[in-house]
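To start, the structure itself, in structure tokens.
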2 protein chains.
Amino acid sequence: MSYPPQPASLSAGNAVYQLLKQQIVSLELPPGTALSEKEMSTAFQVSRTPVRESFVRLAQEGLLVVLPQRGTRVSLIDPELVEEARFMREQLERAVIRLACESFPDDKLEQLEDNLHRQHESIERHDGKEMFELDEAFHRILFEGCRKQGTWNVIQQMNAHLNRSRMLWLSLDPGWDSLARQHQEMVDAIRRKDSDYADNIMHEHLSLIISNLSVLQDRHPDYFK
Amino acid sequence: MSYPPQPASLSAGNAVYQLLKQQIVSLELPPGTALSEKEMSTAFQVSRTPVRESFVRLAQEGLLVVLPQRGTRVSLIDPELVEEARFMREQLERAVIRLACESFPDDKLEQLEDNLHRQHESIERHDGKEMFELDEAFHRILFEGCRKQGTWNVIQQMNAHLNRSRMLWLSLDPGWDSLARQHQEMVDAIRRKDSDYADNIMHEHLSLIISNLSVLQDRHPDYFK
DNA sequence: ACTACCATACTTGTATGGTAGTATGGTACT
DNA sequence: AGTACCATACTACCATACAAGTATGGTAGT
């Protein structure tokens, strides 16, 4: 395995961490993949120290499983964690969008509108990956607008597991149309300050988001715990 | 997936991590304290490597702030993060106790009762520290009973910030009586399967938990951001 | 007195050698 | 053939040395 030279904008350890995390969540490194400090250090052209640092951080997030003196593997997707992540997001996002209906800064509302615009463009181009990122950004902006940035950051930890499942789902039918339509309705509801309606939409939205986990388990049994 | 028979709690790195975290949350290492890898390595009689590992993990949790080539400090308590942690716990715990009112395993209910018993004992002995731990355990058992262990674990990350504030509060009036009474009412509500009542109690409970943050800020201005 | 400079003693970041535990494959023995 | 044993090649873990950036205090020059 070989990787391009590092961007080196940040420290080596940080760069390795971000690259590894991106590759794990995007399933370029599938669940169960065996890694090793030495292997990655040669691949990234750095020493074992920054690699080890990354391993520690990723293990803390549950994306790697380190077995002392035995090896390190990309963690299998735990269906219980996926459902918990969905549950967690539902509770917090429903509460947040209710806050948004009470007050929401104009600049953030513009960001949402701009995001919606680009969602439509991505769907027309059938660009699933970009739509995925726009979807994430949309929800992050919601939290930012309610000054719940820290909450969103913590959610990301669970979200890493949820997102690996959603990544699998990309090859099936992501149903971006309905999801984007719900995003639009959320923005409308925030403008109307219609808390109950927004809450309902968000409830449906986060039920749709990963409705068919068992299908994925059947198609990729070796990826799941 | 199979885990090693003994989790790496005996590894030097893990030991340092747990000790440091405990000392930070308990305020034995007050916010703003300057640390250094070298200093801690001599203190713990290990090399810099495991110490550095701990620093990386604690920095990821926001308990340490690492300034490259400059130094490392125990993070100041961020009032916004404290409020966010409270907000997050409120949303999730209200949802969880509603689940508990629908179904809750008997053995976990027994654990709650046992916990309540020991809460009363701790209060009589005026043992604030133990009461603090029992309080934490009580809520953890709630999550475990609803199979939301992973959610509780993620909450802990934000909770570290909230708990440092609560630790300051210990020297004032923690109001353990009211809190313990609310715990009792929660268990009763779960037995009666009275979701709405349980929800209300939890709502009040998590409002009480850190009602007077500004008082703490006045008493310890150097601890806060 | 004031300022620019610099040696020095810090700090974190990185590289590397060595240690101990583990999986594996081959071999001698039963 | 089957089994116990052992050399070997891994692994993560830890200690240590070095590199590079930064704060600090002293000093020489103005």
Side-chain angles (χ1 to χ4, degrees), chain A residues 1-21 24 29-76, chain B residues 1-21 24 29-76:
Chain A
M1 195 181 318
S2 108
Y3 292 94
Q6 59 199 18
S9 67
L10 289 172
S11 71
N14 224 310
V16 171
Y17 165 75
Q18 301 210 5
L19 271 169
L20 270 180
K21 178 162 185 176
I24 292 174
L29 290 173
T33 305
L35 304 178
S36 86
E37 297 176 358
K38 181 142 191 157
E39 173 194 355
M40 299 311 295
S41 70
T42 61
F44 284 111
Q45 300 275 37
V46 295
S47 80
R48 300 199 311 272
T49 306
V51 172
R52 181 174 170 72
E53 226 169 73
S54 313
F55 279 19
V56 168
R57 295 172 68 180
L58 292 167
Q60 179 148 339
E61 296 182 38
L63 291 178
L64 290 184
V65 176
V66 178
L67 302 93
Q69 270 70 37
R70 300 225 252 168
T72 302
R73 303 175 151 273
V74 178
S75 69
L76 298 179
Chain B
M1 175 161 318
S2 71
Y3 288 93
Q6 290 193 343
S9 67
L10 37 83
S11 84
N14 222 308
V16 171
Y17 166 75
Q18 302 212 3
L19 270 170
L20 271 180
K21 178 162 185 176
I24 292 173
L29 290 174
T33 305
L35 304 179
S36 89
E37 297 175 357
K38 178 121 184 165
E39 173 194 353
M40 299 311 296
S41 70
T42 60
F44 284 109
Q45 299 276 36
V46 294
S47 82
R48 273 185 54 208
T49 306
V51 171
R52 182 173 170 77
E53 221 169 81
S54 313
F55 277 25
V56 168
R57 295 172 67 181
L58 291 167
Q60 181 150 345
E61 297 182 39
L63 292 178
L64 290 185
V65 176
V66 177
L67 301 96
Q69 271 70 39
R70 298 173 57 138
T72 302
R73 303 177 151 271
V74 178
S75 69
L76 298 180

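Only a predicted model underlies this, so the values are computations on that prediction, with no experimental measurement involved. Order of the sequence lines fixes the chain letters, A, B, ..., with proteins taken first and strands second; residue numbering starts at 1 for each chain.
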Given [options], which nucleotide is nearest the side-chain atoms of [X]?
{"X": "A/Pro68", "options": "D/dA12, D/dT16, C/dT12", "value": "D/dA12"}
{"X": "B/Thr49", "options": "D/dT22, D/dA15, D/dC13", "value": "D/dA15"}
{"X": "B/Ser11", "options": "D/dC14, C/dG13, C/dT11", "value": "D/dC14"}
{"X": "B/Pro50", "options": "D/dC14, D/dA12, D/dT22", "value": "D/dC14"}
{"X": "A/Ser47", "options": "C/dT11, D/dC14, C/dA15", "value": "C/dA15"}

Look at the side chain of [X] and the backbone N and O of [Y], then say whether any donor-acceptor pair between them is shorter than 3.5 Å.
{"X": "B/Arg73", "Y": "B/Gly32", "result": "yes"}
{"X": "A/Ser41", "Y": "A/Ser47", "result": "no"}
{"X": "A/Ser75", "Y": "A/Gly62", "result": "yes"}

What's the [atom1]-[atom2] distance between [X] and [N], to the nearest Å?
{"X": "B/Glu37", "N": "D/dA15", "atom1": "CD", "atom2": "P", "result": "14 Å"}
{"X": "B/Arg57", "N": "D/dC13", "atom1": "CZ", "atom2": "P", "result": "11 Å"}
{"X": "A/Lys38", "N": "C/dG17", "atom1": "NZ", "atom2": "C1'", "result": "10 Å"}
{"X": "B/Leu35", "N": "C/dC10", "atom1": "CG", "atom2": "C1'", "result": "15 Å"}
{"X": "A/Arg52", "N": "C/dT16", "atom1": "CZ", "atom2": "P", "result": "17 Å"}
{"X": "B/Glu53", "N": "C/dT14", "atom1": "CD", "atom2": "P", "result": "15 Å"}
{"X": "A/Arg70", "N": "D/dC13", "atom1": "CZ", "atom2": "C1'", "result": "15 Å"}
{"X": "A/Met40", "N": "C/dA15", "atom1": "CE", "atom2": "P", "result": "15 Å"}

N/O (side chain, B/Thr72) to phosphate O (OP1/OP2, C/dT12) under 4.0 Å
yes
Please name the nucleotide paired to D/dT30 by Watson-Crick or G-U wobble geometry with both distances under 3.5 Å, or report none.
C/dA1
Across all strands shown, which nucleotide pairs with D/dC13 by Watson-Crick or G-U wobble geometry, both distances under 3.5 Å?
C/dG18
Side-chain donor/acceptor of A/Arg48 to base of C/dG18, under 3.5 Å:
yes
Does A/Gln69 get its side chain close enough to the base of C/dT22, under 3.5 Å, for a donor-acceptor pair?
no
Going through the checks in order, is the side-chain contact (heavy atoms from CB on, under 4.5 Å) test met by B/Leu64 and B/Ile24?
CA-CA 9 Å; B/Leu64 290 185; B/Ile24 292 173; 3.9 Å; yes
Tell me, do B/Glu37 and B/Thr72 make a side-chain contact under 4.5 Å, heavy atoms counted?
no
The residue, B/Ser36 or A/Gly13, whose nearest nucleotide of DNA chain C is more 5′ is B/Ser36
